[in-house]
Engineer: 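Take a look at the following structure, please.
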2 protein chains.
Amino acid sequence: MTESLERRARRVPMGDVARLAGVSTQTVSRVSNGHPSVLPETRDRVFAAMAELGYRPNAAARALRSGEFRAIGIVLFTLSTTGNVRTVEAIANWASAEDYAITLVPVRSRSREDVLAAIRRLGELAVDAVVLLLSAHLLDDAAIHIPPDVHVVIVDSDAGDDFTVVDTDQAAGAHAAVEHLLSLGHATVHHLAGPESSYAAERRAAEWRAALESAGRRVPDVVRGDWTAASGYAAGAALAPDATCTAVFAANDEMAAGLLRAFADAGRRVPEDVSVVGFDDIDLAEQLQPPLTTVHQDFGEVGRRCVAAALAQVRSGARSGGVDLVPTRLVIRASTGPAPA
Amino acid sequence: MTESLERRARRVPMGDVARLAGVSTQTVSRVSNGHPSVLPETRDRVFAAMAELGYRPNAAARALRSGEFRAIGIVLFTLSTTGNVRTVEAIANWASAEDYAITLVPVRSRSREDVLAAIRRLGELAVDAVVLLLSAHLLDDAAIHIPPDVHVVIVDSDAGDDFTVVDTDQAAGAHAAVEHLLSLGHATVHHLAGPESSYAAERRAAEWRAALESAGRRVPDVVRGDWTAASGYAAGAALAPDATCTAVFAANDEMAAGLLRAFADAGRRVPEDVSVVGFDDIDLAEQLQPPLTTVHQDFGEVGRRCVAAALAQVRSGARSGGVDLVPTRLVIRASTGPAPA
DNA sequence: GTAGCGGATGTTGACGAGAACATCCGCGAG
DNA sequence: CTCGCGGATGTTCTCGTCAACATCCGCTAC
């Protein structure tokens, strides 16, 4: 794997450029930052010197001087869920538009000590603000304490009293899914929930229950998955024999995909025998068989608001509380239909 | 969205800690870095002062002094492809294990100027090494020039002469897929390729062609998609009427999923009438109907080698060339079967 | 003609941490 | 008893950049 070696070229400091261009470092600095009062001729000379030496400003020195890193940190457990990926991408793109970079800090596990370690590292990161893509339960722990001078935005959580929270409106989305199924004549709706460790999963499950109760319907036992399609398949295999199960609301699309295959394998037709609704509206949702009715999340908007909130804190120097919910949209496809007669 | 405001707590510098603990800043520094020759009693006093004031070391100052940021940059177009996401996650995890953070730099578009801008920003990033995840032949362009003192690892590209390249062994994977289908008795294999702008897509297409030619088979026209399931569906709809098409190798699993649904809609059974092979082995592959035969990529290993190569460069101070290919594995599921009689 | 203004440039210092070097002290060897 | 050594700690200086202030100059207004 190794072949040739090139000796490392030394990082060029401003002073070298200044010397070559015959000006002071301050003038180089001014050119570098587009300051107006530099003679065009001088500017060109400095640019030429920069190019010749391959000068690039040193981010550390700049940050030390200015106190700004122009970066936003994101703390998360995993990039293996659709929601996290899409949120991270959206944050990265919006941040990039503001000329901010994104620093990713993965947390090894959900163990208390790993989370604590990540939070502690937060403050030492070369970052102006932090987005926590962690579920709330973790922050409830009184021992987990976020330094007061760190600007934080929290996603997928409920700590709106102390922190800025941005999130998809899980409750409204879940409500719409249940309503849709009830309006098709189903007596009740089963729920394939995500893991208990997820705040989003818990919110969706709670609202599913509330919607059924407020409609005066029987509330079936919750079936739990772990977000994966495989867990959805297992849940589907367990639900298929139950003839009273004519409608299932899955907490995400991957698990819904597993459900669809499990029902197909068990000979239960979708949507004729069972209706299925997912959550997220991943790209593949439309390509499943049948195409999946699902709750569309606007991750782009979540990302935009995260960046906006983070930069607002950075610019004002203050931390604000409050919850900012992004609406969902029910996308009706072929996986839902009238209740069987 | 805004409610309460807390005044910003000032960042605590080392000097404050030193004063409170009754020592010099140097001693605080030593404690902070675990230097051995500090009296336990002094150490405790310093720790207490740190805790009381909420001291956290300043990353910029540390980086300026040491010349190290302990961060690796990743430049990429998008997180919407499975491959990129999984690679980024793997890199983040391995880097984190070495106590390095990850900085994400999205490139707005594939336009020449945006790529150039990103490359130029590279050198100014607060980063010790950079991974280019651009999946393209970008570096062929002579105008795109990477500063010689930037440590670079390239993924999904072909600049092994000048840079370290880590990649999945696309050719071997594609070859295995074609071989598998031919060994099942299919006269030839159609190919649903990814976009021309993707290096991986081109490698897979080239090897598909080579495998067919070396077996003396007819080489059908290539059908192109854009990685999405929707484009796979469109391609499937176009291929379905062609009775000579009994085997399709899709360049990724999402497009294969679209193919499966298109064939189902067109009344062509998989695998009885048509066999389908994908590439990637995404989680959902096993949940498709039928479960998808596909080429498994070991993204974790790609990430590990990227981090290893990047840190090797950082530590040696040199840049090395060479190509490091990660093997693939063909996962046979129900979507492939013997050629129809 | 000169005061005064403003544009172009230079000089100085500070950001926070930590390496190099200096200092001080106690203890053991000669 | 003194020298020297090494551990604990302090002092100084530097990293690269940029803001603040200083300087110098030409031009305009009176």
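Below, chains carry the letters A, B, ... as their sequence lines are ordered, and counting in each starts from 1. Keep in mind it's a predicted model, so treat the numbers as computed, not measured.
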Engineer: Name the pairs: protein N/O against N/O of nucleotides 18-24 of chain D, kept only if under 3.5 Å.
Structural biologist:
{"unit_1": "dC18(D)", "atom_1": "OP1", "unit_2": "Arg62(A)", "atom_2": "NE", "d": "2.7"}
{"unit_1": "dC18(D)", "atom_1": "OP1", "unit_2": "Arg62(A)", "atom_2": "NH2", "d": "3.3"}
{"unit_1": "dC18(D)", "atom_1": "OP2", "unit_2": "Ser29(A)", "atom_2": "OG", "d": "3.2"}
{"unit_1": "dC18(D)", "atom_1": "OP2", "unit_2": "Asn33(A)", "atom_2": "ND2", "d": "3.4"}
{"unit_1": "dC18(D)", "atom_1": "O2", "unit_2": "Arg65(A)", "atom_2": "NH1", "d": "2.7"}
{"unit_1": "dA19(D)", "atom_1": "O4'", "unit_2": "Arg65(A)", "atom_2": "NH1", "d": "3.1"}
{"unit_1": "dA19(D)", "atom_1": "N7", "unit_2": "Gln26(A)", "atom_2": "OE1", "d": "3.2"}
{"unit_1": "dA19(D)", "atom_1": "N6", "unit_2": "Gln26(A)", "atom_2": "OE1", "d": "2.6"}

Engineer: Which heavy-atom pair separates Thr87(B) from Phe299(B) by the least distance, and what is that distance?
Structural biologist: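 Heavy atoms of Thr87(B) and Phe299(B) come nearest at OG1-CD2, 3.4 Å.
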
Engineer: Among all residues two or more places apart in sequence or in another chain, which pass the salt bridge (charged side-chain N to carboxylate O under 4.0 Å, His left out) test with Glu52(A)?
Structural biologist: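 With neighbours one apart ignored, the set is empty.
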
Engineer: Taking only residues two or more places apart in sequence or in another chain, which ones pass salt bridge (charged side-chain N to carboxylate O under 4.0 Å, His left out) with Glu68(A)?
Structural biologist: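 Salt bridge (charged side-chain N to carboxylate O under 4.0 Å, His left out) check on Glu68(A) returns Arg70(A).
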
Engineer: Grab the CD-C1' distance between Glu124(B) and dG16(D) for me, whole Å please.
Structural biologist: 14 Å

Engineer: If an axis is fit to five pairs at each end of the helix from dG1(C)-dC30(D) to dG30(C)-dC1(D), what is the angle between the two, to the nearest 10°?
Structural biologist: 50°

Engineer: For Arg19(B), enumerate each residue passing the salt bridge (charged side-chain N to carboxylate O under 4.0 Å, His left out) test, keeping only those at least two apart in sequence or located in another chain.
Structural biologist: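 Result, salt bridge (charged side-chain N to carboxylate O under 4.0 Å, His left out) vs Arg19(B): Asp16(B).
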
Engineer: Where along residues 35-45 of chain B does a heavy atom fall under 4.0 Å from DNA chain D?
Structural biologist: Ser37(B), Val38(B), Leu39(B), Thr42(B)

Engineer: In whole Å, I'd like the distance from the CG atom of Leu53(B) to the C1' atom of dG16(C).
Structural biologist: 15 Å

Engineer: Would you call Arg121(A) and Glu124(A) a salt bridge, using N to O less than 4.0 angstrom?
Structural biologist: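 Salt bridge flag = no for Glu124(A) with Arg121(A).
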
Engineer: Just to be sure I understand the rule, does Ser24(A) reach a base, reach only the sugar-phosphate, or reach nothing, if contact means heavy atoms closer than 4.0 Å?
Structural biologist: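 Base contact - Ser24(A) has a heavy atom under 4.0 Å of at least one base atom.
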
Engineer: Give me the atom names and distance for the closest heavy-atom approach of Ala63(A) to Ala60(B).
Structural biologist: CB-CB, 3.7 Å

Engineer: Give, for atom CZ of Arg30(A) and atom OG1 of Thr25(A), the distance between the pair rounded to the nearest 0.5 Å.
Structural biologist: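 So the CZ of Arg30(A) and the OG1 of Thr25(A) are separated by 9.0 Å.
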
Engineer: Is there side-chain contact between Ile74(B) and Val88(B), with heavy atoms separated by less than 4.5 Å?
Structural biologist: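 In contact.
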
Engineer: Measure across Leu125(B) and Phe69(B) and return the closest heavy-atom pair with its distance rounded to 0.1 Å.
Structural biologist: O-CE1, 4.4 Å

Engineer: Classify the side-chain pair Ser80(A)/Glu89(B) by whether it contains a donor and acceptor separated by less than 3.5 Å.
Structural biologist: no

Engineer: Out of Asp324(A), Val166(A), Leu311(A), Val307(A), which residue meets the side-chain contact (heavy atoms from CB on, under 4.5 Å) rule with Val153(A)?
Structural biologist: Val166(A)

Engineer: Nearest whole angstrom, please: distance from the P of dG16(C) to the CZ of Phe69(A).
Structural biologist: 11 Å

Engineer: Return the value, rounded to whole Å, for the distance between atom CG of Asp16(A) and atom C1' of dT17(D).
Structural biologist: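 After rounding, the gap between these two atoms is 14 Å.
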
